[in-house]
Amino acid sequence: MVRRLGRIEGQVRGLRAMIEADRYCLDEIQQIRAASAALREVGLLIIGQHLEAGLALATSQPQDREAVLEDLLRVLRSGLVEARSG
């Protein structure tokens with residue numbers, strides 16, 4: 001995940017250089033779309049890890065199941081809002 005973020009950082013630096021060089025706007029938009037897609041993928045990885053940990057916790061500690069499931073739904077809703085607005 002850290003490697004992915006490093007690539008995204010490079011994409012953003014590249015975008016800045018494109019804007020400073022007054023590159024063609026479609027090239028800049030393409031770079032923005034690539035960086036946005038890469039960030040969405042990192043977000044999905046984070047959500048996936050959270051779901052894995054939450055499901056393991058919900059099955060190993062049944063007394064906390066309701067709180068864990070509420071947390072998982074909150075994270076999923078947050079991710080869905082991002083996906084719909086993107």
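- A single hydrophobic cluster is seen to contain both L69 and L51, as judged by linkage of ILVMFWY side chains at heavy-atom distances under 4.5 Å, directly or through other members.
- Evaluation of the side chain to side chain contact (heavy atoms under 4.5 Å, CB included) rule for A37 yields R40 as partners, not counting sequence neighbours.
- When the salt bridge (charged side-chain N to carboxylate O under 4.0 Å, His left out) test is applied to R3, no partner is found at least two apart in sequence or on another chain.
- One distance of note links CG of D64 with CG of L57; it measures 6.0 Å at 0.5 Å rounding.
- Connection of V12 to I32 is not established within any shared hydrophobic cluster, with ILVMFWY side chains joined at heavy-atom distances below 4.5 Å, either directly or through further cluster members.
- Nearest heavy atom pair, residue Q11 against residue A38, reads OE1-CB, 3.9 Å.
- Contact record, V68 with G54: CG1-O, 3.1 Å, taken as the closest heavy-atom pair.
- Pairs of residues two or more places apart, or lying in two chains, that qualify as side chain to side chain donor-acceptor pair (under 3.5 Å) and include a residue from residues 46-62 are H50-D71.
- Cluster partners of L44, using a side-chain heavy-atom cutoff of under 4.5 Å among ILVMFWY residues and allowing indirect links: none.
- A side chain to side chain donor-acceptor pair (under 3.5 Å) check over residues 13-24, counting only residues at least two apart or in different chains, returns the pairs E9-R13, R16-E20, R23-D27.
- L73 belongs to no hydrophobic cluster with other residues, because no ILVMFWY side-chain heavy atom falls under 4.5 Å from its own, directly or through intermediates.
- The closest side-chain heavy-atom distance from I46 to V75 is not below 4.5 Å.
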